[in-house]
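Everything on this sheet refers to the single structure shown next.
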Amino acid sequence: MKTWFTTYDQCPDCGARFEREPGFFLGSIYFNYGLTTLIVAVAFPLLLFNGLADSQTLLYAALAFVVIFPLIFFPFARSLWVGHDQFWDPRTDVKERLP
């Protein structure tokens, strides 16, 4: 990653292009959204039914979490998406490599 929200065009080690086509990184949303909802869907009822917090407090905490966590997890979701793509569809095309 160049910065928190931008990536390099190509891998500095092997030269593979990260974005194969326009919109390639939309798939990283699945990782980001999936993990966010999984954490909230597990934590909210556990905390509520164990009496550790009331529903109003949990609602505000969950709202803050679903806004902040995806921003923090953003670069990691992109990395997971590139790894997932490389695992299922390995880059073997010579044109995607630097000379």
Side-chain angles (χ1 to χ4, degrees):
M1 303 288 292
K2 282 185 194 178
T3 66
W4 200 259
F5 293 108
T6 59
T7 56
Y8 289 105
D9 294 332
Q10 295 178 323
C11 176
D13 292 330
C14 68
R17 286 191 347 229
F18 287 125
E19 189 169 2
R20 290 188 178 194
E21 64 232 3
F24 171 75
F25 283 111
L26 287 175
S28 67
I29 294 171
Y30 294 117
F31 286 104
N32 209 337
Y33 176 75
L35 186 60
T36 303
T37 55
L38 179 67
I39 291 171
V40 170
V42 169
F44 191 93
L46 282 176
L47 295 172
L48 182 65
F49 295 135
N50 285 325
L52 298 173
D54 64 306
S55 62
Q56 192 72 20
T57 303
L58 284 174
L59 183 64
Y60 290 131
L63 178 63
F65 182 80
V66 301
V67 170
I68 295 169
F69 179 76
L71 295 173
I72 294 170
F73 191 65
F74 179 80
F76 305 106
R78 280 192 161 205
S79 297
L80 283 170
W81 179 249
V82 169
H84 173 80
D85 180 65
Q86 178 64 20
F87 180 78
W88 291 106
D89 187 16
R91 296 160 198 240
T92 56
D93 190 5
V94 178
K95 291 186 282 188
E96 291 184 352
R97 308 266 181 203
L98 287 174

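Below, all heavy atoms of this structure are taken into account, side chains as well, without hydrogens, waters or symmetry copies. Model, not experiment: these values are computed from the prediction.
The two atoms that bring Ala53 and Leu58 nearest to each other are CB-CG, 3.8 Å, heavy atoms only.
Trp88 meets the side-chain contact (heavy atoms from CB on, under 4.5 Å) test with His84; sequence neighbours excluded. The side-chain contact (heavy atoms from CB on, under 4.5 Å) search around Val42 returns Leu38, Leu46, not counting sequence neighbours. Partners of Asp89 by salt bridge (charged side-chain N to carboxylate O under 4.0 Å, His left out), not counting sequence neighbours, listed by chain and number: Arg20. Checked against side-chain contact (heavy atoms from CB on, under 4.5 Å), Phe5 has the following partners two or more places apart in sequence or in another chain: Leu71, Phe74. By the side-chain contact (heavy atoms from CB on, under 4.5 Å) test, Ile72 pairs with Ile68, sequence neighbours left out. Scored by the side-chain hydrogen bond (donor to acceptor under 3.5 Å, both in side chains) test, Thr6 finds Thr3 as partners (sequence neighbours excluded).
Legend: side chain to side chain donor-acceptor pair (under 3.5 Å) pairs involving residues 41-54, not counting sequence neighbours, sorted by first then second residue: Asp54-Thr57. Within the structure, side chain to side chain donor-acceptor pair (under 3.5 Å) contacts touching residues 63-81 (residues at least two apart or in different chains) do not occur. Among residue pairs with one or both ends in residues 40-70, those qualifying as ring-ring contact (aromatic ring centres under 6.0 Å, His included) are Phe65-Phe69, Phe69-Phe73; sequence neighbours excluded.
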Name the atoms and distances for all side-chain donor-acceptor pairs under 3.5 Å in residues 24-36, with sequence neighbours left out.
{"unit_1": "Ser28", "atom_1": "OG", "unit_2": "Phe25", "atom_2": "O", "d": "2.7"}
{"unit_1": "Asn32", "atom_1": "ND2", "unit_2": "Pro70", "atom_2": "O", "d": "3.1"}
{"unit_1": "Thr36", "atom_1": "OG1", "unit_2": "Asn32", "atom_2": "O", "d": "2.8"}

